[in-house]
S.K.: 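Would you mind keeping the following structure in view while I ask a few things?
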Amino acid sequence: MQKSGQAMKLYTFILVLFIITTVYCSAIPTNEKKQRVQDKPLSDEEHEVHGEHNNDYDHDAFLGHEEAETFDQLSPEESKRRLAIIVDKIDKDKDGEVTEPELKEWIQYVQRRYIVTDTDRMWKDHAPDDDNSLSWESYQKRTFGYSDEPVEGAPTYEYKDMIMRDKRRWHQADKNGDGKMTKEEFQDFLHPEEAEHMRGIVVDETLEDIDKDGDGYISLQEYIGDMWPRTPEEEGKEEPDWVKSEREQFANYRDKNKDGKMDKAEVMEWIIPHDYDHSRAEAIHLIFESDTDKDGKLSKEEILDKYDLFVGSQATDFGEALTKHDEF
């Protein structure tokens with residue numbers, strides 16, 4: 001797939017922390033717009049913003065979103081000191097060089113850590129039943145305030161679309177069909193982009209979010225409108241170059257059968273490309289940008305010289321990351 005297409009759209013949606021979950025922690029949700037789930041990039045940040053590279057994406061990919069946010073608390077000197085600790089941890093064979101496989105493994109570890117941490121937090125928040133499982137009724141009551149079916153006249157009727165959407169995802173994640181969630185099944189429910197058997201749900205939810213006329217397809221107008229919802233001030237103005245580029249991407253790469261719209265198979269290829277590895281792509285990108293001597297790997301000095309690419313002027317409590325996650 002073309003770089004500009006990956007850069008603009010694969011990094012445009014989301015969640016994760018980012019987030020990919022459509023679960024609300026408060027009782028009745030305050031609005032009905034739910035975040036979309038898809039093949040999760042390594043950050044909620046876009047890798048490019050209007051054609052310009054966004055280092056915040058790299059920070060999230062390298063550190064994890066929550067850790068990256070705390071970097072604003074530290075000076076550049078302290079950021080570098082803590083980054084050096086991370087580099088030693090990434091360099092598994094202790095040869096003084098960080099290779100692409102080592103960097104990819106670290107990025108994958110950071111992403112897994114987030115998913116496990118987020119699932120643990122949400123599992124505790126939803127207070128599993130006595131048998132250490134979570135029933136749909138308990139989940140619905142905790143999330144929407146009531147366990148009633150969303151029929152007309154019920155308190156939940158206003159949120160019927162959200163409830164039915166969650167219920168569909170729930171049934172797909174409930175592998176044994178017993179109506180309850182184990183913690184492992186709940187992880188698939190929260191992060192469907194990580195589970196093979198949930199990817200159809202990812203496609204369905206994306207289609208529903210963008211397909212405004214409800215015909216089961218994504219037209220060019222819907223595709224552009226989702227990326228670039230014009231403000232009143234933008235009406236009548238010429239489209240930015242990046243929008244024009246996305247029109248070309250739609251015509252040349254998204255709409256594979258050239259019928260002017262994307263069907264489910266084309267949406268699947270767009271948001272969950274079978275031949276694209278986010279972690280490897282990010283590792284290659286970080287090495288390309290930092291590898292001063294062009295030997296295909298990074299020394300600690302090269303990483304620290306480009307510390308703003310990896311952590312910016314931010315840093316994290318690596319003490320917790322290094323003591324609680326010694327399995328890396």
Side-chain angles (χ1 to χ4, degrees), residues 13-45 60-61 63-70 108-148 150 156 159 161-202 204-206 209 316-317 320-321 324-325 327:
F13 294 132
I14 229 91
L15 331 158
V16 218
L17 290 221
F18 343 139
I19 310 246
I20 28 198
T21 173
T22 63
V23 178
Y24 291 82
C25 294
S26 57
I28 292 291
T30 56
N31 68 65
E32 229 178 295
K33 180 165 180 60
K34 305 203 74 173
Q35 289 179 306
R36 186 178 313 126
V37 179
Q38 61 182 149
D39 182 35
K40 186 176 73 64
L42 305 174
S43 169
D44 280 342
E45 299 284 346
D60 281 1
L63 298 171
H65 180 72
E66 293 179 355
E67 288 84 351
E69 279 191 328
T70 67
Q108 290 174 332
Y109 157 74
V110 167
Q111 301 305 309
R112 288 194 305 270
R113 182 179 64 194
Y114 162 70
I115 290 170
V116 170
T117 301
D118 182 61
T119 301
D120 285 344
R121 177 179 59 82
M122 294 296 290
W123 185 252
K124 293 174 183 176
D125 182 70
H126 281 78
D129 301 327
D130 292 339
D131 62 353
N132 202 34
S133 66
L134 181 64
S135 67
W136 166 254
E137 291 75 19
S138 295
Y139 166 79
Q140 181 179 312
K141 185 173 183 179
R142 176 68 183 89
T143 305
F144 298 97
Y146 300 89
S147 57
D148 311 62
T156 53
Y159 307 102
D161 291 341
M162 296 172 68
I163 292 172
M164 298 312 295
R165 179 166 165 149
D166 274 5
K167 196 168 188 177
R168 179 183 60 188
R169 190 193 288 192
W170 182 280
H171 286 314
Q172 187 66 26
D174 180 16
K175 285 186 175 181
N176 62 8
D178 66 354
K180 295 185 175 184
M181 288 280 149
T182 63
K183 190 174 182 180
E184 290 73 22
E185 290 171 332
F186 193 55
Q187 178 171 302
D188 292 342
F189 173 78
L190 294 176
H191 300 277
E193 77 293 340
E194 297 295 329
E196 187 69 33
H197 69 289
M198 298 293 292
R199 296 207 164 179
I201 292 292
V202 175
D204 289 342
E205 292 182 3
T206 302
D209 289 341
T316 185
D317 183 3
E320 180 177 1
K324 289 190 176 182
H325 304 283
E327 69 275 11

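If you read the sequence from its start, that first residue is 1, and numbering goes on from there.
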S.K.: side-chain contact (heavy atoms from CB on, under 4.5 Å) with A195: which residues, sequence neighbours excluded?
M.R.: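 If we apply the side-chain contact (heavy atoms from CB on, under 4.5 Å) test to A195, skipping adjacent residues, the hits are D188, H197, M198.
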S.K.: Tell me which pairs pass salt bridge (charged side-chain N to carboxylate O under 4.0 Å, His left out) where either residue lies in residues 128-139, with sequence neighbours left out.
M.R.: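 Counting only pairs at least two positions apart or across chains, the salt bridge (charged side-chain N to carboxylate O under 4.0 Å, His left out) contacts touching residues 128-139 are D131-K180.
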S.K.: Measuring from H126:NE2 to M181:CE, what's the distance to the nearest 0.5 Å?
M.R.: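 Atom-to-atom, H126:NE2 and M181:CE are 11.5 Å apart.
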S.K.: Not counting sequence neighbours, which residues clear side-chain hydrogen bond (donor to acceptor under 3.5 Å, both in side chains) with W136? List them please.
M.R.: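 Only Q140 meet the side-chain hydrogen bond (donor to acceptor under 3.5 Å, both in side chains) criterion with W136.
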S.K.: In chain order, what residues pass the side-chain hydrogen bond (donor to acceptor under 3.5 Å, both in side chains) check against Q172, with sequence neighbours excluded?
M.R.: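 So Q172 forms no side-chain hydrogen bond (donor to acceptor under 3.5 Å, both in side chains) with any residue.
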S.K.: Can you check whether D125's main-chain N or O pairs, donor with acceptor, with R142's side chain at less than 3.5 Å?
M.R.: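 Indeed, once roles are kept as given, a pair shorter than 3.5 Å links the two residues.
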S.K.: Excluding sequence neighbours, so at least two apart, what forms side-chain contact (heavy atoms from CB on, under 4.5 Å) with P128?
M.R.: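 Scan of P128 (side-chain contact (heavy atoms from CB on, under 4.5 Å), adjacent residues dropped) gives W123, N132.
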S.K.: Going from OH on Y109 to OH on Y114, what distance comes out if it is rounded to the nearest 0.5 angstrom?
M.R.: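 That separation rounds to 16.0 Å.
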S.K.: Is it true that R121 and D118 make a salt bridge, defined as a side-chain N closer than 4.0 Å to a carboxylate O?
M.R.: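 Looking at D118 together with R121, the answer is yes, because their closest N to O distance falls below 4.0 Å.
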S.K.: Looking at residues at least two apart in the chain, or sitting in another chain, which of them share a salt bridge (charged side-chain N to carboxylate O under 4.0 Å, His left out) with D148?
M.R.: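 Result, salt bridge (charged side-chain N to carboxylate O under 4.0 Å, His left out) vs D148: none returned.
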S.K.: Can you name the residues that form a salt bridge (charged side-chain N to carboxylate O under 4.0 Å, His left out) with K175, not counting sequence neighbours?
M.R.: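 So K175 forms no salt bridge (charged side-chain N to carboxylate O under 4.0 Å, His left out) with any residue.
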S.K.: Q108: what forms a side-chain contact (heavy atoms from CB on, under 4.5 Å) with it, not counting sequence neighbours?
M.R.: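 Only K104, R112, S279 meet the side-chain contact (heavy atoms from CB on, under 4.5 Å) criterion with Q108.
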S.K.: Name the residue from L134, N176, L190 that meets the side chain to side chain contact (heavy atoms under 4.5 Å, CB included) definition with E185.
M.R.: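 Among the candidates, only N176 passes.
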S.K.: For the OH atom of Y139 and the CZ atom of F189, what is their distance to the nearest 0.5 Å?
M.R.: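 CZ of F189 is found 3.5 Å from OH of Y139.
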S.K.: For the side chain of R199 and the backbone of P192, is there at least one donor-acceptor N/O pair under 3.5 Å apart?
M.R.: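 Checked: no pair found.
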S.K.: Rounded to the nearest 0.5 Å, how far apart are OG1 of T119 and NE2 of H191?
M.R.: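 So the gap between those two atoms works out to 4.5 Å.
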S.K.: Under 4.0 Å between a Lys/Arg side-chain N and an Asp/Glu carboxylate O for R165 and D209?
M.R.: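 Yes.
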S.K.: Using 0.5 Å steps for rounding, measure from the OG1 atom of T206 to the CD1 atom of I201.
M.R.: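 Atom-to-atom, T206:OG1 and I201:CD1 are 11.0 Å apart.
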S.K.: Just to verify, what does D174 make a salt bridge (charged side-chain N to carboxylate O under 4.0 Å, His left out) with, not counting sequence neighbours?
M.R.: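 Partners of D174 under the salt bridge (charged side-chain N to carboxylate O under 4.0 Å, His left out) test: none.
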S.K.: Is there a side-chain contact between E194 and Q111 (heavy atoms, below 4.5 Å)?
M.R.: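 Side chain of E194 against side chain of Q111, heavy atoms only: no contact under 4.5 Å found.
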